[in-house]
K.L.:
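Structure provided below as structure tokens; questions to follow.
Lettering follows sequence order; numbering is per chain, from 1.
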Protein chains: 2
Amino acid sequence: MQRYTGQKRILVAVDCIIFGFDGWNLKLLLVQRAIEPEKDKFSLMGGFIQPSESPDDAANRVLEYRTGLKNVYMDQFHVFGKPERDPVERTLSIAYYALIDIHQYEKQINDEFHAEWFLLNDLPELIFDHAEMVKLAKKQLMYKAALHPILFQLLPEKFTIPQLQSLYEGVFQTQFDDRNFSRKLLSTGLLVKQPEKDKQSSKKGAFYYKLDQSQYKENFESFLNLVPNPDKFF
Amino acid sequence: MQRYTGQKRILVAVDCIIFGFDGWNLKLLLVQRAIEPEKDKFSLMGGFIQPSESPDDAANRVLEYRTGLKNVYMDQFHVFGKPERDPVERTLSIAYYALIDIHQYEKQINDEFHAEWFLLNDLPELIFDHAEMVKLAKKQLMYKAALHPILFQLLPEKFTIPQLQSLYEGVFQTQFDDRNFSRKLLSTGLLVKQPEKDKQSSKKGAFYYKLDQSQYKENFESFLNLVPNPDKFF
DNA sequence: ACAAAAGTGTTGTTTTTACACCCATGC
DNA sequence: GCATGGGTGTAAAAACAACACTTTTGT
């Protein structure tokens, strides 16, 4: 096989920032690192790109291996590549964030890999530049979520509007007016009301909704503006 | 030096999609490829990442080498990494788009490297997956320019509002209402009116403006909405 | 005087916000 | 019957779009 000569090849990894939502709080899935250096510290889910894989393939493989989940929503958002970012050897990392419904996640795999959910606001110390990755991932998630309805990916098939609102409030770290939020949301035409209510969080109960999949796909690329004064956040 | 064992290292390049604006049209700077395969076809400005460089460093080096320009506005926007994208050898490419004031560009370097400006709507055939890169770069540029005042980077220090408008119209491939556009723009407080007028494009002449640098930095991260109905474009 | 482009004014419409109030239910 | 969220109504404010009209100046 032909090659480009005189060029140095570099190790390339993918790292996944896995966001989950349990109905109240936003969380991140981390693993305890099994090898030196920085053994036992926590790290993002990562792995090296294999010769036959595209970066997207690699990210999906890593995610499936760690969580058992396929067909998860993921966005490639940045390459981290300072020469000294990994002390062992120069490694580039292509970072993805993934959005998963936390209840789909199978607990047993969790134990096998020493994986754990952490509150997004209370993370342990992370290896290398992973804290920086998480910071940028949060920002990118806010950015995209302010304009496109991606946060639905974090919820189960049926969910209530108050649940969705607390998810948005978690992502944007603010409170929204509940009345306006639910009206805006319903006016998007993305939701299909279900006959049942969720009675857990209030006496009156909140109706469940499902996503209208065809509307969702159609509107995905449009701006939505569910978030008031998005300026504030950037 | 310690190394990760059993992992394959990959060649990593950067490619720059260089946008320029000459006062009327949006253009792209391309070079004629000097080596086989696909010799003499046109390609983006690219180069391999060196051991001591971050991807950003590499992109800046490539840009300076090809155009002589430093401190240019650039955004890393995507990694292209299909295993077969470069037929010579597997190569990942980290893609950047750059925005330069076309008049700052020094013509002589142009000739040396067989670099040429092409109208964005009339590009020659490109090597590998470079056409796909350009397509995504255009989309990303629209996306960012709809929300942040980055297009100023394509203009000289002093410019007129009609010039800026035709730049926006080039990027979004539509016509905007001139009255509303100029009013919106002035209301941002980003512009400082200059005493002189540009008389080239009309009898009346249009006042020159400069960017208020401190306002610019402050508002850079806010949403601006100079573009009506941004939904339409995504 | 006229043409051609710059740019200001005006107005009706839509979107957004803020907040009052009613609703359903478990205790 | 009352406390607790859930959800609808309404009205003021702000942003936006459409378009008429004035201004400037080279020919």
Side-chain angles (χ1 to χ4, degrees), chain A residues 23-24 146-147 149 155 158-170 172 174-210 219 222-233, chain B residues 23-24 146-147 149 155 158-170 172 174-210 219 222-233:
Chain A
W24 297 271
L147 302 168
L155 292 168
K158 291 192 303 188
F159 52 85
T160 66
I161 293 182
Q163 268 170 32
L164 186 57
Q165 181 172 346
S166 75
L167 170 54
Y168 271 84
E169 292 179 341
F172 290 94
T174 343
Q175 306 284 104
F176 299 145
D177 183 298
D178 21 333
R179 291 100 22 124
N180 291 335
F181 187 84
S182 72
R183 208 156 356 80
K184 259 189 191 179
L185 204 51
L186 291 171
S187 77
T188 62
L190 288 173
L191 301 187
V192 184
K193 197 174 196 163
Q194 300 305 112
E196 329 89 78
K197 282 184 166 187
D198 167 38
K199 295 285 192 96
Q200 281 178 219
S201 63
S202 79
K203 328 232 160 150
K204 180 176 176 182
F207 280 106
Y208 280 114
Y209 287 84
K210 280 188 185 176
N219 286 302
S222 320
F223 287 174
L224 271 186
N225 199 20
L226 292 172
V227 178
N229 304 316
D231 303 39
K232 234 175 43 187
F233 303 105
Chain B
W24 297 272
L147 302 168
L155 293 168
K158 291 193 303 190
F159 52 86
T160 67
I161 293 182
Q163 267 168 34
L164 186 58
Q165 181 172 346
S166 73
L167 170 55
Y168 270 83
E169 293 180 339
F172 290 94
T174 343
Q175 306 283 105
F176 299 146
D177 183 297
D178 21 333
R179 292 106 10 130
N180 291 334
F181 186 84
S182 73
R183 204 152 3 76
K184 260 188 190 178
L185 203 52
L186 290 171
S187 77
T188 62
L190 288 172
L191 300 186
V192 184
K193 196 173 196 164
Q194 301 303 113
E196 329 91 76
K197 282 183 166 189
D198 166 40
K199 296 283 192 102
Q200 282 178 218
S201 63
S202 80
K203 328 232 159 144
K204 182 177 175 183
F207 280 105
Y208 280 113
Y209 287 84
K210 281 188 183 175
N219 286 302
S222 321
F223 286 176
L224 272 186
N225 199 20
L226 291 171
V227 177
N229 303 317
D231 304 38
K232 232 174 47 186
F233 303 105

K.L.:
Considering residues at least two apart in sequence or located in another chain, which fulfil the side chain to side chain contact (heavy atoms under 4.5 Å, CB included) criterion with Lys158(B)?
P.N.:
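Residues passing side chain to side chain contact (heavy atoms under 4.5 Å, CB included) with Lys158(B): Gln194(B), Glu196(B), Tyr208(B), Lys210(B).
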K.L.:
Nearest whole Å is fine: how far is dT4(D) C1' from Lys199(A) NZ?
P.N.:
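Atom NZ in Lys199(A) sits about 13 Å away from atom C1' in dT4(D).
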K.L.:
Could you tell me how far apart Phe181(B) (CZ) and dC16(D) (P) are, to the nearest whole angstrom?
P.N.:
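In whole Å, dC16(D) P lies 14 Å from Phe181(B) CZ.
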K.L.:
In the 5'-to-3' direction, what one-character label does each nucleotide of nucleotides 4-12 of chain C receive under the scheme B = base within less than 4.0 Å of a protein heavy atom, S = sugar-phosphate only, - = no such atom?
P.N.:
-BBBBBB--
K.L.:
How long is the line joining CG of Asp177(A) and P of dT8(D), in whole Å?
P.N.:
14 Å
K.L.:
Taking atom C1' of dG26(C) as reference, at what distance in whole Å does atom CG of Asp198(A) sit?
P.N.:
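Roughly 14 Å, once rounded to whole Å.
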K.L.:
Pairs in or reaching into residues 198-208 of chain A: which pass salt bridge (charged side-chain N to carboxylate O under 4.0 Å, His left out), with residues at least two apart or in two chains?
P.N.:
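For residues 198-208 of chain A: none.
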K.L.:
Roughly how many Å is it from CD in Gln200(A) to C1' in dG6(D), rounded to a whole number?
P.N.:
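These atoms are roughly 16 Å apart.
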K.L.:
Would you please name every residue forming a side chain to side chain contact (heavy atoms under 4.5 Å, CB included) with Asn180(A), sequence neighbours left out?
P.N.:
Asp177(A), Arg183(A)
K.L.:
Checking Gln163(B) now: which residues fulfil side-chain hydrogen bond (donor to acceptor under 3.5 Å, both in side chains) with it, not counting sequence neighbours?
P.N.:
none
K.L.:
Taking side-chain hydrogen bond (donor to acceptor under 3.5 Å, both in side chains) as the definition, give me every residue that meets it alongside Glu169(A), ordered by chain and number, with sequence neighbours left out.
P.N.:
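For Glu169(A), the residues satisfying side-chain hydrogen bond (donor to acceptor under 3.5 Å, both in side chains) (neighbours in sequence not counted) are Gln165(A).
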K.L.:
Measure from NZ or CZ of Lys193(B) to the centre of the six-membered ring of Tyr209(B), then state whether that distance is under 6.0 Å and the direction lies within 45° of the axis.
P.N.:
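That pair does not qualify as a cation-pi contact.
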